[in-house]
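Note: hydrogens, waters and symmetry copies are ignored here, and every other heavy atom, side chains too, is used.
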Amino acid sequence: MKHSDISEILLTKTEIKNRVARLGEKISQDYKDKKPILISVLKGSVVFLSDLIRHLNFPVILDFISLSSYTSTQSSGVVRLIMDLRESIVGKDVLIIEDIVDTGLTLSYLKRNLMTRNPKSLKICVLLDKKECRKKPIKIDYTGFVIPNKFCVGYGLDWNQLYRNLPYIGILKPSVYRRRER
Ligand code: 5GP
């Protein structure tokens, strides 16, 4: 059942489930015999992370980081570190897990920041890629879906902290955020 604030379901529960399983298989092959630290970018990636790790067949170590660049539906362009990792990543294989890449500013900032800590390797996995919106080029190693430039919510993604629990990814009706922005 579609929520009344959603104009269109972009990716169904089943489409996401199947794609996440395939991503998990690919990551499992690539990290066979390794013990990477998966860094989940809070809060949007937690639903994706929790499904993905159940398809990984290596010992999974998790850590979390929190960054901020968004106000409502617009990127401010200025990325801030809100909460840092607990563990050191020196000499470790690191895989960043992010919900969505849009301008690329957040992931470019994060990659630059983490590379100063001398990991052995660093790769990036995103569920959604708004490829056409890129302002900073950034190499994405694992992508779930390339999507159009529409503001989406669900499966972890929010608008003003709402809609994260929707089991699908949907496009939020612009009337919902315009109502609040007035
Ligand atoms: P970037 O820095 O690449 O422009 O944006 C990355 C961050 O912007 C994501 O981590 C996410 O928090 C937010 N973001 C970008 N597009 C969307 C979207 O369509 N929906 C939601 N909920 N967040 C988005």
Side-chain angles (χ1 to χ4, degrees), residues 5-11 15-16 19-20 23 26-27 30 37-49 52 63-85 89 93-119 121-164 166 168-182:
D5 291 347
I6 300 297
S7 62
E8 186 193 326
I9 296 184
L10 198 61
L11 298 164
E15 284 170 326
I16 299 169
R19 184 72 190 118
V20 170
L23 273 178
K26 175 79 177 97
I27 294 170
D30 294 355
I37 301 188
L38 269 56
I39 296 182
S40 162
V41 185
L42 292 172
K43 302 172 190 170
S45 71
V46 293
V47 178
F48 174 40
L49 173 83
L52 181 70
D63 207 342
F64 296 88
I65 199 161
S66 180
L67 304 167
S68 148
S69 71
Y70 256 61
T71 45
S72 189
T73 61
Q74 293 291 315
S75 173
S76 68
V78 181
V79 185
R80 286 185 304 135
L81 181 67
I82 306 289
M83 189 196 84
D84 205 352
L85 303 175
I89 57 165
D93 292 307
V94 170
L95 179 61
I96 298 173
I97 310 291
E98 173 65 308
D99 53 357
I100 183 164
V101 54
D102 180 359
T103 61
L105 291 169
T106 306
L107 280 172
S108 301
Y109 167 89
L110 182 59
K111 187 173 179 184
R112 223 179 319 117
N113 181 305
L114 296 182
M115 286 307 285
T116 64
R117 309 182 195 195
N118 298 319
S121 70
L122 191 145
K123 285 191 179 184
I124 300 176
C125 172
V126 300
L127 179 66
L128 307 172
D129 185 347
K130 285 188 187 170
K131 243 189 176 135
E132 62 189 277
C133 303
R134 207 71 94 250
K135 288 184 182 156
K136 273 243 173 198
I138 175 105
K139 178 172 183 261
I140 307 294
D141 301 280
Y142 305 98
T143 306
F145 303 91
V146 174
I147 60 162
N149 181 19
K150 300 262 172 72
F151 191 78
C152 19
V153 293
Y155 198 72
L157 285 94
D158 75 311
W159 172 74
N160 277 0
Q161 302 303 328
L162 299 172
Y163 311 105
R164 292 193 198 276
L166 297 179
Y168 51 82
I169 290 168
I171 298 172
L172 190 62
K173 286 181 182 167
S175 58
V176 176
Y177 45 86
R178 285 205 198 109
R179 211 158 52 215
R180 274 288 300 270
E181 281 167 3
R182 248 183 244 141

Please determine whether side chain to side chain contact (heavy atoms under 4.5 Å, CB included) holds for the pair D63 and I89, giving the CA-CA distance in whole Å, both sets of side-chain angles, and the decisive distance to 0.1 Å. CA-CA 10 Å; D63 207 342; I89 57 165; 5.9 Å; no
Which is it for Y155 and L11 under the side chain to side chain contact (heavy atoms under 4.5 Å, CB included) test, yes or no, and what are the steps along the way? CA-CA 10 Å; Y155 198 72; L11 298 164; over 6 Å; no
Please lay out, stage by stage, how D84 and I65 fare under the test side chain to side chain contact (heavy atoms under 4.5 Å, CB included). CA-CA 5 Å; D84 205 352; I65 199 161; 3.8 Å; yes
Evaluate the side chain to side chain contact (heavy atoms under 4.5 Å, CB included) criterion for residues I27 and L52: first the C-alpha distance (whole Å), next the side-chain angles of each, then the deciding distance (0.1 Å), finally the verdict. CA-CA 10 Å; I27 294 170; L52 181 70; 4.2 Å; yes
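Note on ring orientation: taking the six-membered ring where Trp is involved, the planes of Y177 and W159 are tilted (angle from 30° to 60°).
Two residues are said to be in side-chain contact when any heavy atoms from C-beta on lie closer than 4.5 Å; L127 and I169 meet this criterion. The side-chain heavy atoms of K130 and I147, taken from C-beta on, include a pair separated by under 4.5 Å. Looking only at side-chain heavy atoms (C-beta outward), Y163 and L157 stay at 4.5 Å or farther from each other. A 4.5 Å side-chain heavy-atom check between L23 and F48 finds at least one atom pair inside the cut-off. Within the 4.5 Å cutoff, no side-chain heavy atoms of R117 are placed close to those of V94. The side-chain heavy atoms of L10 and K150, taken from C-beta on, include no pair separated by under 4.5 Å. Residues L42 and M83 have side chains in contact (heavy-atom distance under 4.5 Å, counting atoms from C-beta outward). Contact annotation: the side chain of L67 approaches that of V41 to within less than 4.5 Å [non-hydrogen atoms, C-beta and beyond].
Expressed to the nearest 0.5 Å, how far CZ of R112 lies from CD1 of I138 amounts to 9.0 Å. The structure places CG of L128 at 11.5 Å from CD1 of I140, a figure rounded to the nearest 0.5 Å. In this structure, CG on L172 lies 9.5 Å from SG on C152, to the nearest 0.5 angstrom. The distance from atom CG of L49 to atom NZ of K43, rounded to the nearest 0.5 Å, is 15.5 Å. Annotation: the span from L107 atom CG to I124 atom CD1 amounts to 5.0 Å, rounded to 0.5 Å. We find the SG-CG distance between C133 and L105 to be 11.5 Å, quoted to the nearest 0.5 Å.
In terms of modelled atom types and a separation under 3.5 Å, the side chain of R134 and the main chain of D102 share a donor-acceptor contact. Judged by distance alone, the side chain of D141 and the main-chain N or O of C125 form no donor-acceptor pair under 3.5 Å. Under the 3.5 Å distance criterion, the side-chain polar atoms of S68 are left unmatched by any main-chain donor or acceptor of R80. Checked by atom type and distance alone, the side chain of S45 pairs as donor or acceptor with a backbone atom of I97 at under 3.5 Å.
Salt bridge K123/D93: absent, no basic N to carboxylate O contact under 4.0 Å. Using a cutoff of 4.0 Å between basic side-chain nitrogens and carboxylate oxygens, R164 and D99 are not scored as salt-bridged.
Summarising the local packing, NZ of K131 is surrounded by 12 or fewer heavy atoms from other residues, nucleotides or ligands at distances under 6.0 Å.
Nearest heavy atoms, Y109 versus V79: CD2-CG1, 3.5 Å.
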